[in-house]
Engineer: 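Below is one structure. I have some questions about it.
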Amino acid sequence: MTTAAVGTVHRATALAQALGRALRDAMAEDPSVHVLGEDVGTLGGVFRVTDGLAKEFGEDRCTDTPLAEAGILGAAVGMAMYGLRPVVEMQFDAFAYPAFEQLVSHVSRMRNRTRGALPMPITVRVPYGGGIGGVEHHSDSSEAYYLATPGLHVVAPATVADAYGLLRAAIASDDPVIFLEPKRLYWSKDGWDPERPEQVPGIGRAVVRRQGTSATLITYGPSVPVCMEAAEAAGAEGWDLEVIDLRSLVPFDEETVCASVRRTGRAVVVHESTGFGGPGGEIAARITERCFHHLEAPVLRVAGFDIPYPPPMLEKHQLPGVDRVLDAVARLQWESEWTSEGGVR
Amino acid sequence: MTTAAVGTVHRATALAQALGRALRDAMAEDPSVHVLGEDVGTLGGVFRVTDGLAKEFGEDRCTDTPLAEAGILGAAVGMAMYGLRPVVEMQFDAFAYPAFEQLVSHVSRMRNRTRGALPMPITVRVPYGGGIGGVEHHSDSSEAYYLATPGLHVVAPATVADAYGLLRAAIASDDPVIFLEPKRLYWSKDGWDPERPEQVPGIGRAVVRRQGTSATLITYGPSVPVCMEAAEAAGAEGWDLEVIDLRSLVPFDEETVCASVRRTGRAVVVHESTGFGGPGGEIAARITERCFHHLEAPVLRVAGFDIPYPPPMLEKHQLPGVDRVLDAVARLQWESEWTSEGGVR
Amino acid sequence: MTVLEQPGSYRPAPPPAWQPRTDPAPLLPEAEPLRVLGTPAAGGLDPVLLGRMYGELVRGRRYNAQATALTRQGRLAVYPASTGQEACQVAAALALEPQDWLFPSYRDTLAAVARGLDPVDALTLLRGDWHTGYDPHEHRVAPLCTPLATQLPHAVGLAHAARLKGDDVVALALVGDGGTSEGDFHEALNFAAVWRAPVVFLVQNNGFAISVPLAKQTAAPSLAHKAVGYGMPGRLVDGNDVAAVHQVLTEAVRHARNGGGPTLVEAVTYRMDAHTNADDATRYRSDAEVEAWRAHDPIALLERELTGRGLLDEAGIREAREAAERMAADLRERMNRDPVLDPMELFTHVYAEQTAQLREQAAQLRAELAAAGEPSPACREDDGPQEGRRR
Amino acid sequence: MTVLEQPGSYRPAPPPAWQPRTDPAPLLPEAEPLRVLGTPAAGGLDPVLLGRMYGELVRGRRYNAQATALTRQGRLAVYPASTGQEACQVAAALALEPQDWLFPSYRDTLAAVARGLDPVDALTLLRGDWHTGYDPHEHRVAPLCTPLATQLPHAVGLAHAARLKGDDVVALALVGDGGTSEGDFHEALNFAAVWRAPVVFLVQNNGFAISVPLAKQTAAPSLAHKAVGYGMPGRLVDGNDVAAVHQVLTEAVRHARNGGGPTLVEAVTYRMDAHTNADDATRYRSDAEVEAWRAHDPIALLERELTGRGLLDEAGIREAREAAERMAADLRERMNRDPVLDPMELFTHVYAEQTAQLREQAAQLRAELAAAGEPSPACREDDGPQEGRRR
Ligand SMILES: Cc1ncc(C[n+]2csc(CCOP(=O)(O)OP(=O)(O)O)c2C)c(N)n1
Ligand SMILES: Cc1ncc(C[n+]2csc(CCOP(=O)(O)OP(=O)(O)O)c2C)c(N)n1
Ligand SMILES: [Mg+2]
Ligand SMILES: [Mg+2]
């Protein structure tokens with residue numbers, strides 16, 4: 001294959017395809033990797049992520065299951081007990097809820113319960129988030145539920161390279177990983193080359209996507225491009241924003257985040273999930289605990305409103321966009337305004 | 001009945017009994033109130049909260065259901081659609097998980113979905129938390145899951161009076177209420193008089209359980225007595241702590257909390273639930289957003305470790321006790337220590 | 001006697017005294033799907049009812065086609081057609097009395113329309129407008145339910161509640177073959193049977209759950225055989241024979257109304273279109289299979305019966321088609337108008353009483369909209385609960 | 001041929017060509033619970049096996065009594081006795097080959113012990129010590145499972161995985177009558193049947209789920225009738241007849257081993273003790289009922305058979321009882337020693353690799369313990385994954 005041809009191919013690799021490639025490569029390397037879920041076989045998944053796997057590896061390796069999410073995840077637990085590495089696809093975020101008991105009471109705890117005897121190397125792929133015009137139940141950002149469950153890793157890629165690299169890492173992990181796939185970025189492309197996949201550090205490492213000095217935007221998944229765009233726009237207003245893509249929420253890369261905030265003194269956490277009880281609270285609280293005396297302003301949050309996910313025709317009002325991010329940045333007390341507030345200091 | 005007799009009775013009313021009384025009074029007043037769950041009828045519930053209800057109101061009003069939590073809550077949704085007010089008992093915290101999809105995808109959203117046409121006046125009683133020597137799955141603090149679900153109210157009483165008053169309010173509410181019953185306080189008594197129940201303000205109002213000036217402890221449910229004890233002990237060390245019992249997590253009484261913290265300048269959030277992604281993050285972040293310039297120190301959190309709930313013989317290490325609360329208070333930067341940290345200020 | 005006291009209420013007894021709770025034999029379904037059309041049994045049918053069913057089938061087929069066309073014009077976000085399944089949809093609607101309740105799944109728009117819902121309102125969810133575009137109480141139609149099988153326990157609860165109140169109400173709940181694999185299916189059927197709730201479960205077995213064929217969904221002799229495990233009768237019916245489905249459902253509804261408890265009905269049918277407009281059915285099934293089913297088309301089956309018996313002629317067929325065209329034209333016309341949604345309504349129905357937190361967030365959005373020059377159409381200061389915009 | 005390709009794999013066909021996936025008749029359970037003891041069939045049984053079962057039953061009964069006594073002495077947090085159900089427990093353990101897996105529910109300590117687990121290790125959970133006190137791989141016994149029916153899909157997944165790997169492994173999963181109402185029961189049985197997984201489900205129908213009698217749990221003719229709805233055979237057996245339970249399970253295990261797929265077995269039995277030591281059974285059942293079942297005691301049934309056939313005499317009975325007493329004394333003795341738990345182990349097994357966050361929290365606890373003068377017994381600086389303390 002000529003370099004030119006590779007170039008043509010790799011510029012065309014969408015995030016969803018990179019995920020498929022990661023599954024394929026993992027299955028080829030390790031016969032214990034099994035994919036299971038609704039429509040993952042013959043159809044290749046409703047987002048075509050598993051396209052071709054059943055053909056290449058057979059239906060026993062990539063299996064269309066009966067329509068029952070608790071059954072799927074529960075069976076995956078048993079398969080993991082027997083030494084397999086199941087990769088489960090949940091068709092949409094909200095359709096992972098039926099499996100919640102299996103997830104919380106077993107997947108997340110089996111290793112601990114058995115003092116290491118029964119690890120759970122299960123990857124649960126969850127297409128998540130909104131912005132695709134999906135009708136009710138197809139646009140939930142459910143990460144708060146997973147964050148609050150010890151024993152799970154929670155990962156959310158934002159680039160094609162991370163999609164590939166983190167999914168490989170998730171499948172290779174001996175622990176259960178909730179792998180949140182930002183639906184709205186499924187068809188995004190960013191020049192990733194499947195023949196020479198760039199090295200992505202393992203789960204638990206954030207990355208500074210843009211360096212800046214004025215303030216830090218902390219985000220993940222589908223909000224990463226939004227923050228990058230906001231950072232570009234902020235330049236015009238004189239702000240030089242740093243953007244951190246967390247990549248994994250658990251483990252949380254406190255080091256990278258705190259190092260940045262200690263430098264910039266200001267931070268905004270951005271995510272699509274509802275604000276109240278969402279990841280932003282944890283992140284903001286943690287930063288404040290660790291970097292309090294470096295903060296020029298409270299850590300602010302830009303998140304979805306605290307409402308059920310809206311119908312498609314109204315979803316644009318729910319999604320944190322560039323304007324809301326910039327509004328929050330503007331509220332980071334750049335002037336002496338706070339001194340006039342009559343506060344204690 | 002003589003006053004003395006009443007006295008005898010009311011001193012003997014445990015929190016679990018007050019809950020039973022609330023159910024009874026609500027059922028007597030309103031024929032649309034129906035209790036359903038596993039073992040709630042003949043047995044009166046494993047904690048005896050529903051004792052006597054089936055006898056007094058019949059099995060159609062207090063119903064032993066088949067053993068299936070999604071079915072129970074799902075049936076409650078249909079009953080609510082037809083105008084009843086179901087009160088559902090989940091036998092233990094972890095046994096509410098099978099009903100998670102019904103809760104998130106229906107109970108919390110049906111009113112919104114139907115633009116008000118189908119309200120869900122459902123109360124879900126969840127005995128929750130640890131400290132009772134319960135084997136695995138019997139001691140979860142699952143409030144983080146409920147907090148992050150818009151459309152639910154989340155309530156957790158800490159006193160006998162609140163148990164009664166808030167359960168009445170929950171049943172009377174036209175919205176779904178997750179009613180978290182602190183198992184470990186079921187048998188606690190505090191002189192409440194069932195014949196003259198004190199007025200408890202509706203859901204959404206915190207209460208200052210102890211006034212103080214040095215710092216504010218913010219807590220709810222089973223951690224309230226711990227904080228009260230810590231506040232007493234703190235006196236000896238020269239700290240005059242204010243203790244706020246949130247009573248409901250949703251709606252969150254920001255006004256009471258922020259008013260206190262603005263006064264004291266220091267705050268510790270205390271709960272039993274795991275820390276990461278738990279309620280404490282939201283509360284600390286929110287306080288910081290709103291009271292930043294009144295804070296002398298970062299809002300700290302005392303919570304369960306980020307681990308699956310431990311076996312009974314180790315649970316004392318998980319539960320936030322008086323010492324941990326006092327340790328946190330001690331870290332609220334009373335001295336000039338933080339200035340030596342080399343921070344920006 | 002309370003609802004829960006059942007005759008012969010079981011007490012555990014040692015095996016020598018053991019007895020089955022009920023005789024299983026009468027619970028087993030027919031050996032093959034019941035057919036009425038083209039059999040002598042069709043002779044006894046009410047010609048007026050047959051005529052009505054015919055009109056509804058033709059209208060329903062046209063509705064499916066028009067709605068699918070609207071997806072191509074961007075007027076619907078998605079449409080899961082029930083083409084080929086119209087007999088089930090129509091029979092379900094017609095088997096109920098006005099006071100009864102219908103619990104549709106996301107594919108059952110047509111059943112809702114046949115029950116009386118405005119054809120446009122029924123599409124509200126699918127056009128991307130508000131989640132439920134009608135008042136469920138108006139026609140006793142629950143919201144179209146997307147999480148599979150979760151509507152079934154709702155139907156049981158509602159039917160149970162009505163019975164406890166002494167009301168004469170039956171609930172009919174629809175679910176697909178795929179949906180029968182969900183735990184909620186199991187729990188709902190069990191509750192219904194234990195409570196003897198007046199509810200009827202209609203499984204439209206259309207052969208597929210998206211791409212997954214029935215063989216990967218179940219190994220049961222038939223889905224109707226699941227009934228015996230709950231102690232309720234199972235019925236198996238040709239889902240393309242509108243008279244047969246109507247007969248079986250009417251019997252089941254009557255049985256429920258008379259206190260006989262629930263019934264599980266499996267209607268064997270076929271989804272002629274793809275899963276939704278977004279699906280590519282050629283990935284998982286052959287044209288030959290589809291064509292085999294086309295020969296068993298529900299409209300053709302009824303047409304054959306009616307024309308054969310002189311109850312329908314060319315004029316009648318034309319009339320039905322014209323009525324369907326009028327419906328389609330009206331649908332097209334009204335669906336081409338942009339609905340006006342009020343963004344502020346996002347905060348209105350989350351709780352009965354708006355929380356301080358939501359008030360604050362509503363104020364934020366209101367300010368954003370004002371700054372962007374698009375103030376809320378019904379901008380009210382309090383954004384408290386208010387009447388739906390179209391009511 | 002892949003596991004998923006089943007003979008006669010179903011393709012949807014229009015009703016004229018419709019056929020049941022399988023013949024339902026052979027899937028239906030026996031008309032009444034199968035009995036072997038006291039019937040001519042008992043004549044063919046292996047005396048050695050019967051003797052072994054007798055010893056296990058007597059030991060099991062004693063184990064239940066001793067464990068219950070230990071709750072009163074505060075040595076166990078809780079004990080859900082299987083008194084009266086020993087025949088099911090013992091037969092379940094003895095029906096399996098060494099390479100097979102047992103999936104017990106929280107009530108099935110005894111089955112785990114009969115399968116070879118150390119009697120003390122089997123009680124680890126219930127004494128308030130670590131959640132699982134044994135290595136599940138050692139005796140192929142999954143952790144005692146508390147959330148009802150959730151272990152069933154695990155058994156299916158494990159059996160399926162073993163089959164995919166070409167291993168000769170059958171999984172036997174235990175569940176109660178109450179547990180059959182959970183969605184996970186349904187999903188597990190369905191997966192097992194569709195996958196033809198080598199798994200056997202044993203429902204111990206002991207009449208109650210805590211206080212809730214079977215009549216409020218199901219309206220089915222029997223729980224075994226649920227099998228037909230999944231396309232697997234259902235078997236109904238007298239759960240107090242150890243020979244009958246053993247026979248049915250052995251047949252089902254063999255059927256699974258030979259690629260015949262899963263079986264659902266309902267064993268009709270009775271819980272003689274309260275739900276747990278903390279329960280008050282007089283609230284929901286009569287002494288008369290308990291006494292009726294005492295007349296059908298599993299040990300007495302076997303004893304009668306053995307003595308009647310001259311296979312057991314007074315000496316044999318005494319010997320069995322003495323062996324049981326020795327086991328009980330040993331159990332008492334060892335359970336009276338305080339287990340030594342390392343608080344630092346709380347952080348060891350949450351993840352394969354300890355997170356920075358947990359390292360920090362572990363350091364906090366270590367400091368607290370040191371300050372309180374109770375340093376961790378195995379205080380290691382890193383608290384990384386380490387061998388369990390007793391291994
Ligand atoms: C709980 C849940 N899981 C997954 C989905 C995604 N999904 C939508 S339709 C469908 C297939 C449904 O098949 P079936 O029940 O046979 O109904 P049909 O589409 O054939 O009408 C799936 C998997 C869902 N809506 N809900
Ligand atoms: C999912 C779940 N819900 C509730 C419980 C609480 N619970 C423990 S045992 C029990 C009754 C179980 O009855 P059954 O399945 O018949 O088993 P048995 O106790 O008779 O052995 C209940 C409700 C649980 N353990 N798990
Ligand atoms: Mg289908
Ligand atoms: Mg039982």
Side-chain angles (χ1 to χ4, degrees), chain A residues 31-32 34 36 41 58-61 63-84 86 98-99 101-102 104-106 108-119 121 150-153 173-176 202-204 250-255 286, chain D residues 2-5 101 103 125 130-138 142-143 145-147 150-162 164-165 167 169 171 183-184 186-188 190-192 194-195 197 199 345-346 348-353 355-358 360 385-389 391:
Chain A
S32 70
H34 283 242
L36 60 165
E59 291 201 18
D60 287 344
R61 293 282 305 281
T63 307
D64 281 330
T65 63
L67 209 167
E69 294 77 8
I72 297 170
L73 193 56
V77 168
M79 292 165 75
M81 286 172 72
Y82 205 76
L84 300 187
E101 182 187 29
Q102 285 290 344
V104 174
S105 293
H106 292 301
S108 76
R109 301 185 189 180
M110 191 67 88
R111 168 190 289 278
N112 187 65
R113 170 183 304 149
T114 60
R115 307 168 79 203
L118 294 180
L152 302 177
H153 287 315
S173 168
D174 283 338
D175 285 319
I203 292 171
V250 183
F252 182 73
D253 185 351
E254 200 172 288
E255 214 177 296
R286 192 159 280 264
Chain D
T2 76
V3 167
L4 289 172
E5 272 172 40
W101 275 75
F103 283 78
L125 169 78
W130 205 261
H131 301 310
T132 301
Y134 52 90
D135 180 347
H137 289 289
E138 196 179 336
C145 187
T146 302
T150 57
Q151 72 278 19
L152 306 182
H154 305 173
V156 175
L158 183 136
H160 179 61
L164 291 179
K165 285 197 179 180
D167 295 349
V169 169
D184 276 17
H186 175 70
E187 301 189 10
N190 191 44
F191 272 66
V194 169
W195 285 353
V199 56
E345 203 182 345
L346 288 176
T348 307
H349 309 293
V350 184
Y351 296 103
E353 207 183 311
T355 61
Q357 200 174 304
L358 287 182
E360 202 180 291
Q386 47 183 260
E387 283 305 293
R389 89 198 102 98
R391 286 196 216 123

Engineer: For a side-chain contact (heavy atoms from CB on, under 4.5 Å) check, start with the C-alpha distance between Tyr82(A) and Val169(D), then their side-chain angles and the critical distance, and finish with the verdict.
Structural biologist: CA-CA 11 Å; Tyr82(A) 205 76; Val169(D) 169; 3.6 Å; yes
Engineer: Can you tell me which portion of Thr355(D) sits under 4.5 Å from chain A's heavy atoms? Options are side chain, backbone, both or neither.
Structural biologist: side chain
Engineer: Which heavy atom of Met79(A) sits nearest a heavy atom of Gly157(D), and at what distance?
Structural biologist: CG-O, 3.3 Å
Engineer: Please state whether the side chain, the backbone, both or neither of Glu255(A) comes within less than 4.5 Å of a heavy atom of chain D.
Structural biologist: neither
Engineer: Find the one option among Pro150(A), Gly78(A), Pro251(A) whose heavy-atom pairs under 4.5 Å with chain D are most numerous.
Structural biologist: Gly78(A)
Engineer: Quick one: what part of Ala70(A) sits under 4.5 Å from any heavy atom of chain D, side chain, backbone, both or neither?
Structural biologist: both
Engineer: Hey, what do you get for OG1 (Thr114(A)) to NE2 (His349(D)), rounding to the nearest 0.5 Å?
Structural biologist: 8.5 Å
Engineer: With rounding to the nearest 0.5 angstrom, report the CZ to CG distance, Arg113(A) to Leu125(D).
Structural biologist: 9.0 Å
Engineer: Got a second to check how far His106(A)'s NE2 is from Thr150(D)'s OG1, nearest 0.5 Å?
Structural biologist: 2.5 Å
Engineer: Once you round to the nearest 0.5 Å, how far does OG1 of Thr132(D) lie from CE of Met110(A)?
Structural biologist: 7.5 Å
Engineer: Quick one: list whatever passes salt bridge (Lys or Arg N to Asp or Glu O under 4.0 Å) with Asp175(A), sequence neighbours left out.
Structural biologist: Arg111(A)
Engineer: Is Val350(D) close to chain A through its backbone or its side chain, or both, or neither, when contacts mean heavy atoms under 4.5 Å?
Structural biologist: both
Engineer: Which bit of Leu346(D) comes within less than 4.5 Å of chain A, counting heavy atoms only: side chain, backbone, both or neither?
Structural biologist: backbone
Engineer: Would you call the rings of His153(A) and Tyr351(D) parallel, tilted or perpendicular, where under 30° means parallel and over 60° means perpendicular?
Structural biologist: parallel
Engineer: For the interface with chain D, which of Gly71(A), Pro176(A), Pro31(A) has the highest count of heavy-atom pairs at distances below 4.5 Å?
Structural biologist: Gly71(A)
Engineer: Check salt bridge (Lys or Arg N to Asp or Glu O under 4.0 Å) between Arg109(A) and all other residues, then give those that pass, not counting sequence neighbours.
Structural biologist: Asp140(B)
Engineer: Under 4.5 Å from any heavy atom of chain A, what part of Ala162(D) do you find: side chain, backbone, both or neither?
Structural biologist: both
Engineer: For the candidates Ile72(A), Leu73(A), Asp174(A), Val250(A), which exhibits the highest count of non-hydrogen atom pairs separated by less than 4.5 Å from chain D?
Structural biologist: Ile72(A)
Engineer: What is the distance from atom OG of Ser32(A) to atom NZ of Lys165(D), rounded to the nearest 0.5 Å?
Structural biologist: 7.0 Å
Engineer: What distance do His160(D) atom NE2 and Thr63(A) atom OG1 have between them, rounded to the nearest 0.5 Å?
Structural biologist: 5.0 Å
Engineer: Give the member of Arg61(A), Met81(A), His34(A) that has the highest number of heavy-atom pairs under 4.5 Å with chain D.
Structural biologist: Met81(A)
Engineer: Yes or no on side-chain contact (heavy atoms from CB on, under 4.5 Å) for Glu360(D) and Glu254(A), after CA distance, side-chain angles and deciding distance?
Structural biologist: CA-CA 12 Å; Glu360(D) 202 180 291; Glu254(A) 200 172 288; 4.3 Å; yes
Engineer: Sort Pro66(A) into side chain, backbone, both or neither according to what part of it lies under 4.5 angstrom from a heavy atom of chain D.
Structural biologist: both
Engineer: If we define contacts as heavy-atom pairs under 4.5 Å, which of His137(D), His154(D), His131(D) has the most with chain A?
Structural biologist: His154(D)
